[in-house]
Amino acid sequence: MSKIIGLLSAVCCIIGSTAPSLGADPLNGKDIAKRWCATCHLIESGQASASDQAPPFTYLAKTPDFDQNRLAFLLLVPHPNMPNMSLNRAEVADLAEYIRSLK
Ligand code: HEC
């Protein structure tokens, strides 16, 4: 029994210690993208409709040096008809992580 508990706590430690260092959460980024960006951008393959003026996220993912700083910078520039978004740093990081995962 104590072996099992020991094993369980070891597993907990591994998960507990790696999760925070992973930082950004691409799944949350995808949620944010669906909510805020998908009306105009193609955010995943198979999406039914998007504006043909907005670059697909797969295209953004291939931009040289794409990372959260660059995304935050790009989001500072007002988009045409962009809804008033108030994304915090963590949300921008999650979004950037999701976009990078599309490469
Ligand atoms: C109302 C439509 C609309 C929404 C919503 C929208 N975008 Fe855009 N976005 C555009 C259009 C159109 C362009 C291309 C024209 C331009 O570059 O200004 C663009 C361009 C971009 C670019 C490239 C900018 C550049 O200069 O390379 C990025 C990055 C981007 N969008 C990110 C996002 C993210 C992230 C979201 C969601 C948080 C989002 N957009 C939501 C319409 C939209």
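Values below: every heavy atom of this structure, side chains too, minus hydrogens, waters and symmetry copies. First listed ligand is number 1; within each ligand, the first listed atom is number 1.
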Requested in this report: Taking only heavy atoms of Leu74 into account, list the atoms of ligand 1 that are under 4.0 Å away from them.
Outcome: 25 (C), 26 (O), 27 (O), 29 (C)

Query raised in the report: Relative to ligand 1, is Leu75 under 4.0 angstrom through side chain, backbone, both or neither, heavy atoms considered?
Result: side chain

Query raised in the report: What atoms of ligand 1 come closer than 4.0 angstrom to any heavy atom of Trp36?
Result: 5 (C), 37 (C), 38 (C), 41 (C)

Query raised in the report: Got a sec, which residues hit side chain to side chain donor-acceptor pair (under 3.5 Å) with Asp67, two or more places apart in sequence or on another chain?
Result: none

**Report entry** Validation row: His41, Pro56 side chains within 4.5 angstrom (heavy atoms)
**Finding:** no

**Report entry** Within reach of ligand 1, part of Ile99 (heavy-atom separation under 4.0 Å)
**Finding:** neither

Query raised in the report: Under the 3.5 angstrom rule, does the side chain of Asp94 hit a backbone N or O of Asp25 as a donor-acceptor pair?
Result: yes

Query raised in the report: Considering only heavy atoms of Leu60, which atoms of ligand 1 have at least one such atom less than 4.0 Å away?
Result: 23 (C), 28 (C), 29 (C)

Query raised in the report: Any side-chain heavy atom of Glu97 within less than 4.5 Å of one from Gln68?
Result: no

Requested in this report: Test Tyr98 against Ile32 for side chain to side chain contact (heavy atoms under 4.5 Å, CB included), laying out the working first.
Outcome: CA-CA 10 Å; Tyr98 170 63; Ile32 298 168; over 6 Å; no

Report summary line: atom 38 (C) of ligand 1: of Ala96, Ser51, Cys37, Ala33, the nearest heavy atom sits on Cys37

Requested in this report: Just jot down the side chain to side chain contact (heavy atoms under 4.5 Å, CB included) partners of Asn88, sequence neighbours excluded, or say none.
Outcome: Ala90, Glu91

Report task. Find all atoms of ligand 1 within a distance of less than 4.0 Å from any non-hydrogen atom belonging to Pro55, and give their numbers and elements. Result -> 13 (C), 14 (C), 19 (C), 20 (C)

Report summary line: In ligand 1, the atoms that come under 4.0 Å of a heavy atom of Thr39 are 5 (C)

Query raised in the report: So between Gln53, Arg35, His41, Glu91, whose heavy atom ends up nearest atom 40 (N) of ligand 1?
Result: His41

